[in-house]
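Here is the structure we will look at.
All figures in this text were calculated on a predicted structure; none of them were measured in a lab. Every chain is numbered from 1, with letters handed out A, B, ... down the list of sequences.
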Protein chains: 4
Amino acid sequence: MTHHEATHRSADMEECIRNCTECHAICVETIAYCARVGGKHAEAQHLSLLATCADICRTSADAMLRGSRVHGYVCGACAAVCSACADACSAMRDDPEMARCAEACRRCARSCEEMARGM
Amino acid sequence: MTHHEATHRSADMEECIRNCTECHAICVETIAYCARVGGKHAEAQHLSLLATCADICRTSADAMLRGSRVHGYVCGACAAVCSACADACSAMRDDPEMARCAEACRRCARSCEEMARGM
Amino acid sequence: MTHHEATHRSADMEECIRNCTECHAICVETIAYCARVGGKHAEAQHLSLLATCADICRTSADAMLRGSRVHGYVCGACAAVCSACADACSAMRDDPEMARCAEACRRCARSCEEMARGM
Amino acid sequence: MTHHEATHRSADMEECIRNCTECHAICVETIAYCARVGGKHAEAQHLSLLATCADICRTSADAMLRGSRVHGYVCGACAAVCSACADACSAMRDDPEMARCAEACRRCARSCEEMARGM
């Protein structure tokens, strides 16, 4: 989506941007879904975790999109928050919406960890 | 990317979310590009316009992703800012990076206008 | 907080930035509060409205902070979303947390409307 | 500004939220200022660093405002990015605008570090 000649980003970074962008969107959708379902899904800490995950994914994607050299710090935090969010969503795994969110968070955590290490 | 069963969004809204997400990303990239190129590209008002465009596109995409009923107000503002940004980028049309940004802004403006009308 | 010599913003705009910044923060807090309280407070549309209100307030404050000439479009949308959010929170007025949020939204809506008109 | 009965945040966290909110605002202003001044101020990496600093400060403030337990990860990244931004701005210290931004970044880095440690 966002590839263009002038940027010269690695394929890994391109994939990380995609993963962060998707994880952001899925977390925003999942908050709304959890609020509709209620109960354990809508516990305050769970919604807060999803919201912080959405925010850090966006910050991380944008740091890479603008080629900022400090992106590794943001990616490191993004990996940690995404892992926590994946764990929380996995605990509701029988719900396919939560499994979908857990998967997106796990994928994003993996590529952000690599970015943080490579900094 | 973000389609899932529980949401029941129209195809038009799905497309608008995609356009906003892409326009956000391209504006963030274009700011960095313009800062590298310098000169007219890097004028303060141009960079500010691109940054505000990136922000409102993100706000607009997220309002639709979470199914917020007030999304039309945000989409209306997004259409106006994207049109202004498309005009500014079109004025540097001989530069393919700017033509690419103008195109993304124009596409986003069109679908946001429709969303704002349909509210 | 954010005044400095080089900017030359009007007193009205300074106040609008403060109101948007405060309304953003209070909406983010109120989402967490509503999720803890549950029931009518935590209905999906109410949480979505608060989240969109938080986002557009931030976008609006930042557009003014960077002196973007298109801030009026964003302020116009911000006024509309804040008014809707104030109405929703006022409906739970016996709860002082919601009255506090309604008041912040109303104040932000008023100053954003002025900014939108003055554009 | 954002204190209310229902939250029970420590005084240190309240101060950290204030520092992040102020640093976000000052970074957004400083980007616009640097773009107006041009030259070394407007180098692409400097503008990118300021923009990423603004984003992570906002994400950090919001994580604390909503009482998210993972705020420490975000605060840790915020401290690192703010320190880098303070260094970059300090290098242009003879300019009072840059000294002001460096000071806000330094103050934010210090309180975010404490939050990250205390997690």
Side-chain angles (χ1 to χ4, degrees), chain A residues 1-9 13-14 16-38 41 47 50-51 53-55 57-71 74 89 95-104 107-108, chain B residues 1-9 13-14 16-38 41 47 50-51 53-55 57-71 74 89 95-104 107-108:
Chain A
M1 168 180 72
T2 57
H3 178 74
H4 60 145
E5 299 312 314
T7 312
H8 306 299
R9 284 191 291 255
M13 190 179 280
E14 291 288 344
C16 191
I17 293 170
R18 266 197 308 277
N19 289 343
C20 287
T21 301
E22 179 155 323
C23 192
H24 166 87
I26 289 179
C27 284
V28 171
E29 287 183 329
T30 302
I31 291 169
Y33 169 77
C34 286
R36 283 196 301 273
V37 171
H41 281 72
L47 296 185
L50 283 160
C53 195
D55 283 356
C57 284
R58 177 51 26 223
T59 299
S60 181
D62 287 358
M64 291 183 281
L65 282 165
R66 67 172 74 95
S68 180
R69 278 183 210 129
V70 293
H71 74 270
V74 182
C89 293
D95 179 339
E97 290 296 319
M98 302 317 293
R100 171 179 172 262
C101 191
E103 203 191 317
R107 193 164 43 230
C108 186
Chain B
M1 168 181 74
T2 58
H3 179 75
H4 60 146
E5 298 311 316
T7 311
H8 306 300
R9 283 192 291 257
M13 190 180 280
E14 290 289 343
C16 191
I17 292 171
R18 267 196 309 276
N19 289 342
C20 287
T21 301
E22 180 155 321
C23 192
H24 167 87
I26 289 178
C27 284
V28 171
E29 288 183 329
T30 302
I31 291 168
Y33 169 77
C34 285
R36 283 196 302 274
V37 171
H41 282 73
L47 296 184
L50 283 160
C53 194
D55 284 356
C57 284
R58 177 48 32 219
T59 299
S60 180
D62 287 359
M64 290 183 281
L65 281 166
R66 66 172 72 97
S68 180
R69 277 184 211 130
V70 293
H71 73 270
V74 182
C89 293
D95 178 340
E97 291 296 318
M98 303 317 293
R100 171 179 172 263
C101 192
E103 202 190 319
R107 192 163 45 231
C108 187

- Close side-chain approach of A/H24 and B/T21, heavy atoms under 4.5 Å: no
- Query: Knowing that exactly one of A/V28, A/I26, A/T30 qualifies, which makes a side chain to side chain contact (heavy atoms under 4.5 Å, CB included) with B/L65?
  - Reply: A/V28
- Message: Nearest 0.5 Å, please: how far is CG in B/D62 from CD in A/E29?
- Response: 10.0 Å
